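The structure under discussion appears below in the form of C-alpha cells.
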Amino acid sequence: MTEKSMTEKIVVLDFGGQYNQLIARRVRDGGVYAEIYPYSKPRETWLDGSVKGVILTGGPNSVYLPGAPGADVDLFSLGVPVLGICYGMQLLAYRAGGTVEHADVSEYGHTVLHARGGALFAGVSPRTVVFMNHTDRVTALPEDFSIDASTDNCPIAAYSCPSRGLYGVQFHPEVRHSVEGGRVLHNFVYGVCGCQGGYRADDLIDRMIERVRSQVGEGTVVAGLSGGVDSSVACVLASRALKKEQLTCVFVDHGLLRKDEAAQVMRTYRENLGLNIVHVDASEKFLAALRGVTEPEQKRKIIGELFVRTFEEEAAKTGADFLLQGTIYPDKIESGMGGSATIKSHHNVGGLPKESRFSGRIVEPLDALFKDEVRAVGLALGIPRPMVMRQPFPGPGLAVRVMGEITREKLAVLRDCDAIYLEELERAGLAGDIWQSFAVLTGARTVGVMGDGRTYGNCVALRAVTTEDAMTVEAAEIPYPVLKKIASRIIAEVQDVNRVVYDITSKPPGTIEWE
C-alpha cells in the first residue's frame with residue numbers, strides 16, 4: 001500500500017439504508033479505503049486529515065417529519081465534499097433550504113436516467129439505467145444548486161453545488177443494477193474529493209498482525225475455528241502475530257454441521273496449516289439448548305452464547321485471557337452495529353452474551369474487511385486456495401436451514417439432501433461458479449404419490465446464488481436437467497422427502513439464508 005493510500009479515507013455516514021455496506025465496498029473496489037459510521041457518531045471521533053470526502057446513505061425515513069435522522073447534524077462545515085444518496089440527497093437539499101415532498105409516483109428498480117452534466121456524470125452516458133428505491137423526492141432546490149440528472153417521474157434525480165462541495169443523487173450508484181454507478185462514485189471519490197487511490201486489502205496484513213500483537217501482549221488466546229474462510233484467516237493472522245504457546249484454536253462441533261464435516265475440517269487444518277487445534281464435541285449441549293426453539297433470532301442468540309461458554313471452558317484449561325473471532329464487517333453491520341437496522345444477529349456479534357470471561361477482550365482482526373477482502377488476505381498469507389475460496393457456511397450451521405424446531409431426525413434428513421445437492425453440482429461442473437449453495441428443510445409437509453401409495457412428506461428447498469459482495473445476489477441459473485437429477489435423487493434416496501423446490505428469490509428482497 002502506498003503512503004498516500006494510508007492517509008486518505010472516505011467516510012460513509014449511515015442513516016439506516018439497506019445498501020450502506022455496498023457504498024463502502026464500491027469505494028474500496030475503486031482503490032480508496034472507506035469506513036461506515038452511524039450518522040450520530042460525534043464528528044470529532046472520525047473527522048481528521050485523512051478524510052477526503054463524506055457520503056450520506058439512504059434510509060427509510062422522511063426528512064420533513066419530526067425526529068428525522070440527521071436533523072441536528074452539521075453537514076455543511078465538514079471541510080470536505082459531501083455526496084448524498086437517496087435519503088442523504090434529500091437531507092442535504094432540505095437542510096440547505098430546498099423542498100422535499102412525498103412523490104406522486106414512487107420509483108423502484110431499474111429506471112432510465114437522463115444525465116445533463118456536472119462533475120458526477122463525467123464520462124456517463126446521457127441516457128443510462130439506474131436503480132431507484134424511493135417514495136419521497138426533492139421538488140425544489142436551494143439557491144446555487146443545479147440539476148444534473150432527471151427521470152420521467154423525478155425531475156431532480158441528481159444535483160450539485162460545487163461552490164459548497166455538495167452533491168446528491170436520488171438513485172443508488174452503489175447497486176450493480178445502476179449500470180454506470182461505479183463511474184459516478186469514481187467521479188466523486190477521485191474527481192471531486194481528489195483521492196489518489198492505492199488501497200488493497202492484503203496490504204493491511206502487517207497492520208492487522210501488529211494490532212493483534214498490541215492487543216494481546218504477553219497474554220494467551222483461544223480462537224474460534226469454524227472451518228470457514230473468515231475464522232481460518234483470523235487464526236493464521238494470529239499465528240503470525242503470537243508465539244505458538246499463546247494461541248489455541250478451538251473447533252466446536254455443535255451438532256449442526258454438514259455431513260462428515262467435522263472430520264474433514266480437522267483433517268484439512270492439521271495437514272495444511274499446522275495450527276494447535278482442539279476438537280470439542282458439544283453437540284449434546286447445543287441441541288438440548290435448542291430443543292423447542294423455533295424463532296430464528298432466538299436460535300442465533302442461543303448458539304452465540306453457547307459458543308462463548310464453550311470457549312470459556314477451554315480457556316479455563318489453558319488460562320487464556322482473550323477470545324479471537326473471524327468477525328468481518330458485514331457481520332457487524334447486519335447485526336445492527338453502528339446504527340443500522342438489525343437484519344439478523346450473527347452469532348459472533350448480536351449473539352454474544354453481555355457478560356463473559358472475555359468481556360472487553362475480544363480480538364477481531366478482520367472486522368473492517370468484506371468477504372472478498374478476507375479472501376485476498378488469506379491468499380496473501382499462503383493459505384491453500386481451495387480453503388480460501390470455500391463457500392460461506394453460517395456459524396449457526398444447519399440451525400438456520402431447518403425451519404422450526406431442530407431435531408436430530410430433521411438434521412439427518414437435511415444432511416443427506418444437502419450432500420446429494422452439492423455432489424451433483426460438482427459433477428455438473430457448476431460449483432465453482434456459485435457463491436453459495438445449500439438445501440433447506442422448509443418445515444412444510446406435502447402430499448405425494450410413491451409406489452402407488454399416498455405419502456405425506458417433507459418439502460426441501462434448494463438454494464444457489466451468485467454475487468460479488470453478498471449484499472445483492474441473484475439466484476444461480478442451474479440447468480433444468482441438473483435440477484431434475486438432483487430432485488430425483490433426493491426423493492429416491494432420502495427417507496420422508498417427497499417434494500423438492502428451487503428458490504429463485506434475489507437479495508433484496510430476500511436474504512441468502514432462509515433464517
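For the numbers below, each heavy atom of this structure counts, side chains included, while hydrogens, waters and symmetry mates do not. Note that the coordinates shown come from a computational prediction; the quantities given were computed from them, not determined experimentally.
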Is the closest basic N to carboxylate O distance between Asp367 and Arg211 below 4.0 Å?
yes
Taking all atoms of both residues into account, what is the closest heavy-atom pair of Pro38 and Leu13, and its distance?
O-CD2, 4.1 Å
Checking Thr310 against Lys285: is there a side-chain donor and acceptor pair closer than 3.5 Å?
yes
Shortest non-hydrogen separation from Cys235 to Cys249 and the atoms involved
SG-SG, 3.7 Å
Ignoring hydrogens and geometry beyond distance, is a side-chain donor-acceptor pair present between Asn458 and Thr442 at under 3.5 Å?
no
I'd like a table of donor-acceptor pairs (distance under 3.5 Å, sequence neighbours excluded) in which one partner is a side-chain atom from residues 315-322, with atom names and distances.
| residue | atom | partner | partner atom | Å |
| --- | --- | --- | --- | --- |
| Lys317 | NZ | Glu314 | OE2 | 3.0 |
| Thr318 | OG1 | Ala315 | O | 3.4 |
| Thr318 | OG1 | Ala320 | N | 3.4 |
| Asp321 | OD2 | Thr220 | N | 3.1 |

Who passes side chain to side chain donor-acceptor pair (under 3.5 Å) against Tyr269, sequence neighbours left out?
Ser232
Do the rings of His172 and Tyr19 sit parallel, tilted or perpendicular, given the 30° and 60° boundaries?
perpendicular
Ignoring hydrogens and geometry, is there a side-chain-to-backbone donor-acceptor pair from Ser283 to His254 under 3.5 Å?
no
Rounded to the nearest 0.5 Å, how far apart are CD1 of Ile486 and OH of Tyr421?
6.0 Å
Check salt bridge (charged side-chain N to carboxylate O under 4.0 Å, His left out) between Arg267 and all other residues, then give those that pass, not counting sequence neighbours.
none
Is Arg258 close enough and on-axis enough to Phe393, meaning under 6.0 Å and within 45°, for cation-pi?
yes
Where the side chain of Gln215 meets the backbone of Ile362, is there a donor-acceptor pair that is under 3.5 Å apart?
yes
Donor-acceptor contact below 3.5 Å, side chain Ser178 vs main chain Phe131:
yes
So, Tyr37 versus Glu35: side-chain donor-acceptor pair below 3.5 Å or not?
yes
Gln391 and Gln436: side-chain donor and acceptor closer than 3.5 Å?
no
Is Asp418 salt-bridged to Arg415, cutoff N-O under 4.0 Å?
no
Lys NZ or Arg CZ of Arg401 over Phe438 ring: under 6.0 Å, within 45°
yes
Closer than 4.0 angstrom, basic N to acidic O: yes or no for Asp29 and Arg26?
yes
